Amino acid sequence: MNCRLLLLALAALIGACASPENQVINEPSSVSQPSKAAQLQTLYEDWFEQDLLLNPLKATQIGDPRYNDRLPNQLSAEYREQGRVLNSDFLARAKALGDAGLQGQDLLSYQLFVRELEGELEALQYPRHLMPLNQFYSFASQFAVLGSGATAQPFKTVQDYDHWLTRARAIPVVFDQAIANMREGMRQGITQPRVLMEKVLPQLDAQIVDYVEDSTYWGPIKNLPADFSANDRARLRAHFIALIDRDLNPAHMRLRAFIANEYLPAARLSIGLSELPDGAAWYAFQVRQSTTTTLTPEQIHQIGLAEVPRIQGEMRKVQAKLGIAGGLPELFAAMKADPKNYFSSEKEMLDAYRSFRATIEPRLPALFDIQPKADFEIRAVEAFRAASASAGSYNAPSEDGSRPGIFYANTFDLKSRPRWALESLYLHEATPGHHFQIALQRELTSLPRFRRFGGETAFSEGWGLYAESLGLELGVYSDPVMLFGALDAELWRAIRLVTDTGIHAKGWSRQQVLDYMYANSPAEPTRAISEAERFIAIPGQALAYKIGELKIRELRTRAEKALGKKFDVKAFHRDVLQDGSLPLDVLEQKIDRFIERGGQ
């Protein structure tokens, strides 16, 4: 999803059992100026090292343990200035070397590096630090997930526990800085919509406990390794009690009181980014960053208005197969009324996903001759964030292989998580979707780390949606109910094009968005409301899915027509994936070269 979650991660091998070290690169690097290429490689690595120092949470997320005890005040003016200086300096140094004489991966890395740093610097023009918190992207929830002991922060050794204690004691500083920033936002008339911040309160309430044993942050103590000494166990228990009682509980209470008593009365009733000072330019920037295109919000809105009825036409074909009379409203009503289309428990839902994994994995070699080494597991979204979370999400594996990828399935309000969504959601989040693309990218050890651990939302989410479309080729969606689910998922991404631009560029109200969703899809209120509020919270991000998928599908069709019988779907998928995440225009150039090479 992308997005700036404070942590984002987005690869390829040749042959199902090949190693990334033996990967074949389409275009060999230039040897005409090895000194320049070598200088740039060193520059990229130097930047990445300094960026990890500045962003220790990113280091933890990718599995680099060196800074697991650090938590900078990322909302402070000093921190933003450090980032500006770092990126300005390295951008100037890269441009001083220039791209003359570079070819292949060397040229591509240069172009991507310059593009990334220019984007980061342009983002500083907009005051996102004055709106640091919402129901979808919450540092409070992020810290809780990190401190739960179940994700990226390791809790295997005594040192791991001590590192977390040091890091967690800095959390109140971030909370207090957020309060200061939001107060400044109130003064400038730059606030989050009230409807979003109302949803933050229960998230904070979930972390305010009367008994430390009920805290999410107590998880690592519940699971203390058996080989810790009695002294260490007693010491760590005492420190965790103090951390929760003296630091974290009071910090959450201060933030909650501020939001409830000061911020909500001042929060805006409007929901669009364009309602803020310079908001139209801000949204246009978000659209460019999310889609990696020059499409305007109005152009994207029109694409959505065309895609919605096209997909609904495919739904009517499924309706005929199901023998359901009437129009789409009758189809939607019949699907929602059938009790067989729902899970009865969280366990049943998770078991169904795990069973489908066993079905799909033997079929993947029919379309792919590359697969990641890293494994993944399937988990439920944590209860304290489930109400505002999306239906599914993916967490990348660690670089060292100690932590697998995670496909999170949201089990909140099972009536809003119909069984028909299972196959398409799995294909998107797991294999051959995000786990394929992101884990493969991380295993491309010949690429600079900024490429292995970075990425473009339009490519990543576009690939995820394209992966959903492969269901028929993989021999699933054989049940018309599941095919309906795949079309429903695609329809939802088209609806996003209409509603995201409607909210942030055309002045739509929240109710207009919900009305459009209900009129055009079978969405239940839980899903519709959480999705509508997600679009409000992260402007532009939802556009990446359909725009990216349309481009990948367009490029495949182009290759199929140009190559005819020479077209090999495995070679096409390998070519799309083997250089990692790319801007869509760069991907298009790459596939055009693939066609020129005869699909090799």
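This is a predicted model, so every value here is computed, not measured.
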Hey, do the aromatic rings of W463 and Y466 have their centres closer than 6.0 Å?
yes
Applying salt bridge (charged side-chain N to carboxylate O under 4.0 Å, His left out), run through R597 and D592 and close with a yes or a no.
CA-CA 9 Å; R597 294 193 306 272; D592 283 341; over 6 Å; no
How about F412 and V381: do any of their side-chain heavy atoms sit closer than 4.5 Å?
no
For this output row, return yes or no: ring centroids of F450 and Y44 closer than 6.0 angstrom.
yes
Counting distance only, does the side-chain N/O of T60 pair as donor-acceptor with the main-chain N or O of P56 below 3.5 Å?
yes
Interatomic spacing from CG in L470 to CZ in R363 - rounded to 0.5 Å
13.5 Å
Carboxylate-amine/guanidinium contact K321 D479, below 4.0 Å:
no
Please name all residues satisfying salt bridge (Lys or Arg N to Asp or Glu O under 4.0 Å) with R357, sequence neighbours left out, ordered by chain then number.
E361, D375
Are E348 and R419 ion-paired here, with the side-chain N under 4.0 Å from a carboxylate O?
yes
Whether the side chain of T501 engages the backbone of V498 through a donor-acceptor N/O pair (distance < 3.5 Å, no angle test) should be reported.
yes
Measuring only between side-chain heavy atoms, which start at C-beta, is V476 closer than 4.5 Å to M482?
no
Before you tell me yes or no, could you show the steps for M315 and F484 under side-chain contact (heavy atoms from CB on, under 4.5 Å), namely the whole-Å CA-CA distance, both residues' side-chain angles and the distance that decides it to 0.1 Å?
CA-CA 6 Å; M315 282 183 156; F484 169 82; 3.9 Å; yes
Any sub-3.5 Å donor-acceptor pair from S398's side-chain atoms to S402's backbone N or O?
yes
Check whether any side-chain heavy atom of M335 sits under 4.5 Å from a side-chain heavy atom of P522, and report yes or no.
no
Quiz item: cation-pi between R385 and Y408, 6.0 Å / 45°
yes
One thing to verify: whether R556 and E473 come together as a salt bridge, which I'm taking to mean a side-chain N less than 4.0 angstrom from a carboxylate O.
yes
Residues 392-407 vs salt bridge (charged side-chain N to carboxylate O under 4.0 Å, His left out), sequence neighbours excluded, gives E399-R452
Quick one: list whatever passes salt bridge (Lys or Arg N to Asp or Glu O under 4.0 Å) with D51, sequence neighbours left out.
K58
Any chance the rings of H435 and Y394 have centres within less than 6.0 Å?
yes
Heavy atoms of D579 and L444 approach each other most closely as C-CD1, 4.1 Å
Could you go through the side-chain contact (heavy atoms from CB on, under 4.5 Å) check for T526 and R417 one step at a time?
CA-CA 9 Å; T526 294; R417 317 294 175 191; 4.3 Å; yes
Under-4.0 Å salt bridge between E588 and K551:
yes
Without hydrogens or angle criteria, can the side chains of Y126 and E122 be said to hold a donor-acceptor pair below 3.5 Å?
no
is_close_aromatic(F368, F436), centroid dist under 6.0 Å:
yes
Would you check if the side chain of T557 reaches a backbone N or O of R553 as a donor-acceptor pair within less than 3.5 Å?
yes
Please check if any side-chain donor atom of E45 sits under 3.5 Å from a side-chain acceptor atom of Q41, or the reverse.
no
Start with the C-alpha gap between R451 and Q105, add the side-chain angles, then the distance that decides, and say whether side-chain contact (heavy atoms from CB on, under 4.5 Å) holds.
CA-CA 11 Å; R451 288 177 61 184; Q105 292 292 350; 2.9 Å; yes
Is it true that a side-chain atom of R288 and a backbone atom of T296 form a donor plus acceptor pair closer than 3.5 Å?
no
Is a donor from one side chain sitting under 3.5 angstrom from an acceptor on the other, for Q111 and D99?
no
Apply salt bridge (Lys or Arg N to Asp or Glu O under 4.0 Å) to E49 and list each qualifying residue two or more places apart in sequence or on a separate chain.
R66, R449
I'd like to check the salt bridge (Lys or Arg N to Asp or Glu O under 4.0 Å) partners of R379; sequence neighbours left out, ordered by chain and number.
E377
Will you find, in the side chains of S581 and Q437, an N or O donor that is under 3.5 Å from an N or O acceptor?
no
Give every donor-acceptor pair under 3.5 Å between a side-chain atom in residues 486-496 and any protein atom, sequence neighbours left out.
residue : atom : partner : partner atom : Å
D488    : OD2  : W420    : NE1          : 3.3
D488    : OD2  : R527    : NH1          : 3.3
E490    : OE2  : R310    : NH2          : 2.9
E490    : OE2  : K546    : NZ           : 2.9
W492    : NE1  : E531    : OE1          : 2.8
R493    : NH1  : E468    : OE1          : 3.3
R493    : NH1  : E468    : OE2          : 3.0
R493    : NH1  : A489    : O            : 2.9
R493    : NH2  : H428    : ND1          : 3.3
R493    : NH2  : E468    : OE2          : 2.7
R496    : NE   : E531    : OE1          : 3.4
R496    : NH2  : E531    : OE1          : 2.7

